[in-house]
**Q** 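The structure's right below; bear with me while I get my questions together.
It should be emphasised that the depicted structure is a prediction, and the values quoted were computed from it without experimental measurement.
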Amino acid sequence: MIEDLYSYFLYFLAAWLTALIALLFGAYAGPGAPHIKGSIAPNLLIYLQVWVIVALSKLAFGYFGYLMQWRPTIQAIYPEFAFPLLLGAYLARILLRIQAQKTALKRTAQS
């Protein structure tokens with residue numbers, strides 16, 4: 001029982017940290033990256049969306065790696081970290097761009 005709870009806690013921490021890295025990677029990596037701006041509430045909502053996608057993709061890619069019978073080292077690197085990280089960063093970049101467009105439209109409507 002305790003081992004199961006500990007396993008879920010570690011999965012939660014891994015998804016949380018991977019989502020945080022994905023959000024920062026999507027916000028600040030590459031040319032023309034949409035930086036994190038504005039109030040904390042929309043950015044927190046974006047982080048929660050990225051976190052859910054990263055957690056679900058860790059499950060999906062992990063199951064895919066299990067079905068493909070990959071070695072444990074490959075399983076830990078690609079399907080359980082790299083693929084969810086890239087998917088989360090891509091989603092974060094899209095959501096931050098949408099947020100920036102909404103903010104720009106709101107500013108133009110006010111002036």
Side-chain angles (χ1 to χ4, degrees):
M1 178 70 181
I2 298 296
E3 293 86 14
D4 291 338
L5 291 176
Y6 187 68
S7 172
Y8 292 138
F9 178 68
L10 288 178
Y11 180 79
F12 169 79
L13 283 181
W16 181 83
L17 185 61
T18 306
L20 182 63
I21 294 169
L23 179 66
L24 294 175
F25 187 66
Y28 296 108
H35 298 293
I36 297 174
K37 298 176 185 171
S39 66
I40 194 160
N43 294 327
L44 184 62
L45 186 62
I46 289 172
Y47 172 72
L48 289 176
Q49 291 172 350
V50 170
W51 180 52
V52 167
I53 291 300
V54 164
L56 291 177
S57 66
K58 281 176 75 72
L59 286 174
F61 288 128
Y63 186 67
F64 177 73
Y66 171 75
L67 289 178
M68 297 296 291
Q69 297 178 350
W70 287 344
R71 291 179 299 186
T73 54
I74 301 297
Q75 180 77 13
I77 294 170
Y78 292 107
E80 293 183 6
F81 181 72
F83 295 156
L85 177 70
L86 293 175
L87 185 64
Y90 180 71
L91 177 72
R93 186 169 281 226
I94 289 172
L95 292 174
L96 286 170
R97 282 190 180 151
I98 291 171
Q99 181 65 29
Q101 288 174 352
K102 285 181 183 179
T103 305
L105 285 175
K106 199 179 291 184
R107 285 183 187 156
T108 56
Q110 289 177 352
S111 57

**Q** For residues 51-61, which residue pairs qualify under side-chain hydrogen bond (donor to acceptor under 3.5 Å, both in side chains), counting only residues two or more places apart or in two chains?
**A**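 Applying side-chain hydrogen bond (donor to acceptor under 3.5 Å, both in side chains) to every pair that reaches into residues 51-61, excluding sequence neighbours, yields nothing.
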**Q** Return a table of donor-acceptor pairs under 3.5 angstrom between the side chains of residues 63-75 and protein atoms on other chains or two or more places apart.
**A**
{"residue": "Q75", "atom": "NE2", "partner": "G62", "partner atom": "O", "Å": "2.8"}
{"residue": "Q75", "atom": "NE2", "partner": "E80", "partner atom": "OE2", "Å": "3.3"}

**Q** Listed by chain and number, what are the ring-ring contact (aromatic ring centres under 6.0 Å, His included) partners of F25, not counting sequence neighbours?
**A** none
**Q** Show me the donor-acceptor pairs, under 3.5 Å and distance only, between side chains in residues 29-39 and residues at least two apart or in other chains.
**A**
none

**Q** Contact between L85 and V54 at the side-chain level, heavy atoms closer than 4.5 Å - yes or no?
**A**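 Sidechains of V54 and L85: no contact.
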**Q** With sequence neighbours excluded, give me every side-chain hydrogen bond (donor to acceptor under 3.5 Å, both in side chains) pair touching residues 21-30.
**A** none
**Q** Under 4.5 Å between side-chain heavy atoms, counting indirect links through other Ile/Leu/Val/Met/Phe/Trp/Tyr residues: same cluster for I94 and V52 or not?
**A** no
**Q** Tell me, which pairs form a side-chain hydrogen bond (donor to acceptor under 3.5 Å, both in side chains) where one or both residues lie in residues 96-106, sequence neighbours left out?
**A**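 Of all non-adjacent pairs touching residues 96-106, none passes side-chain hydrogen bond (donor to acceptor under 3.5 Å, both in side chains).
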**Q** Would you tabulate the side-chain donor-acceptor contacts of residues 4-22 under 3.5 Å, counting partners in other chains and residues two or more places apart, or write 'none'?
**A**
{"residue": "Y11", "atom": "OH", "partner": "A55", "partner atom": "O", "Å": "2.5"}
{"residue": "W16", "atom": "NE1", "partner": "Y47", "partner atom": "OH", "Å": "3.0"}
{"residue": "T18", "atom": "OG1", "partner": "A14", "partner atom": "O", "Å": "2.6"}

**Q** Quick check for you: to the nearest 0.5 Å, what is the distance between R93 atom CZ and I46 atom CD1?
**A**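 Those atoms lie 13.0 Å apart.
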**Q** Do F61 and I77 belong together in a cluster built from hydrophobic side chains that touch within less than 4.5 Å?
**A**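 Looking at the clustering, I77 is in the same group as F61.
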**Q** Are any of the side-chain heavy atoms of N43 and L23 separated by less than 4.5 Å?
**A**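 No, side chains not in contact.
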**Q** If you group Ile, Leu, Val, Met, Phe, Trp and Tyr by side-chain heavy-atom gaps below 4.5 Å, do L95 and L48 land in one group?
**A** yes
**Q** For the atom pair CG (L91) and CG (L96), what is the distance rounded to the nearest 0.5 Å?
**A** 9.0 Å
